[in-house]
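The figures that follow rest on heavy atoms only: side chains count, while hydrogens, waters and symmetry mates do not.
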Amino acid sequence: MGWKIFFSFVFILFAVSLLILYWFVPFKTIEFGIKSGGSNFSLNNESGNMQFYPNMRYPDARISYQIYNCPLQKEDNMERAFELISDTCILDFYPVNYDEEISVTCDSKNKMEEGLFIAGEGGPTNITKAGEFNVILHGSILLIRESKCERPNVAMHELLHALGFEHSSNPDNIMYPISNCGQIIGGDIPKLINELYLVPSYPDLSFENVSAVMHGRYLDVNMSIRNNGLKDSEMVKVIIYADEILVKEVDLDALKIGYGKIIMLGNVWVPKINVKELEFFINSSFKELEKNNNRIILEIRNS
Ligand SMILES: [Zn+2]
């Protein structure tokens, strides 16, 4: 008699604990797929094939330079070239003593040692792809030839190479491979420069990829975030919501132009069952090229 009661008590306890387990710790695995994400920033221009790569520009319309060991005449030519180009468009050039964006040298030795130039004696030497832009982080100009023209045509030609511009097939254009004093800049180069640099120098953080799986009440997340903007980003928080309930906040370090980061989270406890939607949000306090791509929503994938 005593044993019977004992066993039925154990059985009831077992059934109740199974029920508790069922209601509060479901072990079902649910996969989530992307429901919606904001559109990315896009440029609206026709760059044609004037540049080495599409949409080449420096991060900012104010570009720094330094001139190394040039004879006075060439240094003067180069400075006038910076002035003349900036007169035709929204660009502005300013001299610095270190960490310049455009380095100007006059020693032909440099050409042999570096061998980095895309074309001739001037060109971008460090390019990073970020979104639709090919961002020039550094350019070099080597002035060997002396300009015999009234205007410093050779220096202007090389500066335009450093700004990403290719040779022109028009003999009257300053970008024609063989220099003569009558060549002019023409309207299309300043027009393209103004279009490219009209876009402000902002970062642009966006989700590249997000995937999520729930095991019962635990969430596994894999996400990659990239800075497709024109400026290094600052530290931000990435926030995860499950059906609008805050689940997790993660710090994301500053990202350089074109750089990305993968964040993997395992076994994040979710204070809710039967989650239908997961929301991922990059909470930045700074201006970005596009804020719509800071949010992505995932929903249960029907398989
Ligand atoms: Zn050239």
Legend entry - Donor-acceptor contact present, side-chain N283 to main-chain V238, <3.5 Å: no

Inset, instruction - Considering non-hydrogen atoms only, spot the tightest contact between P152 and L84 and give its length. - result: CD-CD1, 3.6 Å

Legend entry - Residue I245 excluded, over 12 heavy atoms near CD1 under 6.0 Å: yes

Inset, instruction - Please confirm whether the backbone N or O of M235 pairs with a side-chain atom of D253, one donor and one acceptor, at under 3.5 Å? - result: no

Legend entry - From CD1 (I184) to CG (N173), nearest 0.5 Å: 7.5 Å

Legend entry - Side-chain (S103) to main-chain (S140) donor-acceptor, under 3.5 angstrom: no

Legend entry - Nearest heavy-atom neighbours spanning V270 and V275: CG1-CG2, 3.9 Å

Legend entry - Neighbour count above 12 (heavy atom, 6.0 Å) for K291 NZ: yes

Inset, instruction - Count the heavy atoms of every other residue, nucleotide or ligand shown that sit under 6.0 Å from NZ of K272, and state whether that count exceeds 12. - result: yes

Inset, instruction - Decide whether L230 and F93 are clustered together by the hydrophobic rule: side chain heavy atoms of Ile, Leu, Val, Met, Phe, Trp, Tyr closer than 4.5 Å, transitively. - result: yes

Inset, instruction - Would you confirm whether N209, through its side chain, and M223, through its main-chain N or O, come within 3.5 Å as a donor-acceptor pair? - result: no

Legend entry - Note, V154 side chain near N77 side chain (heavy atom, < 4.5 Å): no

Inset, instruction - Please check if the side chain of D220 supplies one atom and the backbone of V213 the other of a donor-acceptor pair under 3.5 Å. - result: no

Inset, instruction - Group every Ile, Leu, Val, Met, Phe, Trp and Tyr by side-chain heavy-atom contacts under 4.5 Å, then state whether V96 and M78 land in the same group. - result: no

Inset, instruction - Give the ring-plane orientation class for H157 versus H167, where under 30° counts as parallel, over 60° as perpendicular and anything between as tilted. - result: tilted

Inset, instruction - Report whether V210 and I30 are members of the same hydrophobic cluster (ILVMFWY, side-chain heavy atoms less than 4.5 Å apart, transitive linking). - result: yes

Inset, instruction - Evaluate the side chain to side chain contact (heavy atoms under 4.5 Å, CB included) criterion for residues Q183 and M175: first the C-alpha distance (whole Å), next the side-chain angles of each, then the deciding distance (0.1 Å), finally the verdict. - result: CA-CA 8 Å; Q183 289 163 342; M175 291 316 285; over 6 Å; no

Inset, instruction - Find out whether L278 and L219 are in side-chain contact, i.e. whether some heavy atom of one side chain is under 4.5 Å from a heavy atom of the other. - result: yes

Inset, instruction - Give the cluster check for I239 versus V247: same hydrophobic cluster or not, with ILVMFWY residues linked at side-chain heavy-atom distances below 4.5 Å. - result: no

Inset, instruction - Indicate yes or no for a side-chain donor-acceptor contact from S201 to the backbone of K231 under 3.5 Å, with no hydrogens or angles considered. - result: no

Inset, instruction - Hey, could you give me the CD1/CE distance between I85 and M156, rounded to the nearest 0.5 Å? - result: 4.5 Å

Inset, instruction - Please answer whether the main-chain N or O of D232 pairs with a side-chain N or O of Y259 as donor and acceptor at a distance below 3.5 Å. - result: no

Inset, instruction - To the nearest 0.5 angstrom, please state how far the CG atom of N274 sits from the CD1 atom of I300. - result: 7.5 Å

Legend entry - Spacing of N293 atom CG and S39 atom OG [to the nearest 0.5 Å]: 7.5 Å

Inset, instruction - Would you give the length of the straight line joining atom CD1 of I257 to atom CZ of F133, rounded to the nearest 0.5 angstrom? - result: 11.0 Å

Inset, instruction - Please lay out, stage by stage, how Y68 and Q66 fare under the test side chain to side chain donor-acceptor pair (under 3.5 Å). - result: CA-CA 6 Å; Y68 294 90; Q66 184 170 191; 3.0 Å; yes

Legend entry - Parallel, tilted or perpendicular: ring planes of F280 versus F207, cut at 30 and 60 degrees: perpendicular

Inset, instruction - Determine whether I225 and E208 make a side-chain contact, defined as any pair of heavy atoms from C-beta on separated by less than 4.5 Å. - result: no

Inset, instruction - Please report the closest heavy-atom contact between P190 and G187, naming both atoms and the distance. - result: CD-O, 3.4 Å

Legend entry - Residue pair M56 / F165, side-chain heavy-atom distance below 4.5 Å: no

Inset, instruction - Give, for atom CD1 of I136 and atom CD of E101, the distance between the pair rounded to the nearest 0.5 Å. - result: 9.5 Å

Legend entry - Side-chain (N222) to main-chain (S211) donor-acceptor, under 3.5 angstrom: no

Inset, instruction - Could you tell me whether the side chain of E121 reaches within less than 4.5 Å of the side chain of L143, counting heavy atoms only? - result: no

Inset, instruction - Considering non-hydrogen atoms only, spot the tightest contact between I90 and L198 and give its length. - result: CD1-N, 4.0 Å

Inset, instruction - Show your working on side chain to side chain contact (heavy atoms under 4.5 Å, CB included) between V16 and I12 and close with a plain yes or no. - result: CA-CA 6 Å; V16 167; I12 288 164; 4.2 Å; yes

Inset, instruction - Can you establish whether the number of heavy atoms outside K287 located under 6.0 Å from its atom NZ is more than 12? - result: no

Legend entry - Min side-chain heavy-atom separation I67-K74 under 4.5 Å: no

Inset, instruction - Verify the neighbour count for atom CG of N69: are there more than 12 heavy atoms of other residues, nucleotides or ligands below 6.0 Å? - result: no

Inset, instruction - Side-chain contact test, heavy atoms from C-beta onward, threshold under 4.5 Å: evaluate it for L205 versus F286 and give yes or no. - result: yes

Inset, instruction - Would you sort out whether L163 and I189 count as a side chain to side chain contact (heavy atoms under 4.5 Å, CB included), showing the intermediate values? - result: CA-CA 10 Å; L163 292 170; I189 290 176; over 6 Å; no

Legend entry - Smallest separation among heavy atoms of V199 and R57, with atom names: O-NH1, 2.7 Å

Legend entry - Under 3.5 Å: donor-acceptor pair, side chain of N55, backbone of N134: no

Legend entry - K261/L255 under side chain to side chain contact (heavy atoms under 4.5 Å, CB included): CA gap, chis, key distance, verdict: CA-CA 8 Å; K261 190 155 193 178; L255 287 177; 4.1 Å; yes

Inset, instruction - Heavy atoms only: give me the nearest F41-D204 pair and the separation to one decimal. - result: CB-OD2, 3.8 Å

Inset, instruction - Treat each ILVMFWY residue as a node, draw an edge where side-chain heavy atoms are under 4.5 Å apart, and state whether L137 and Y197 are in one component. - result: yes

Inset, instruction - Would you check if Y65 and L159 make a side-chain contact, meaning some heavy-atom pair closer than 4.5 Å? - result: no

Legend entry - E279 side-chain N/O to I297 backbone N/O, donor-acceptor pair under 3.5 Å: no

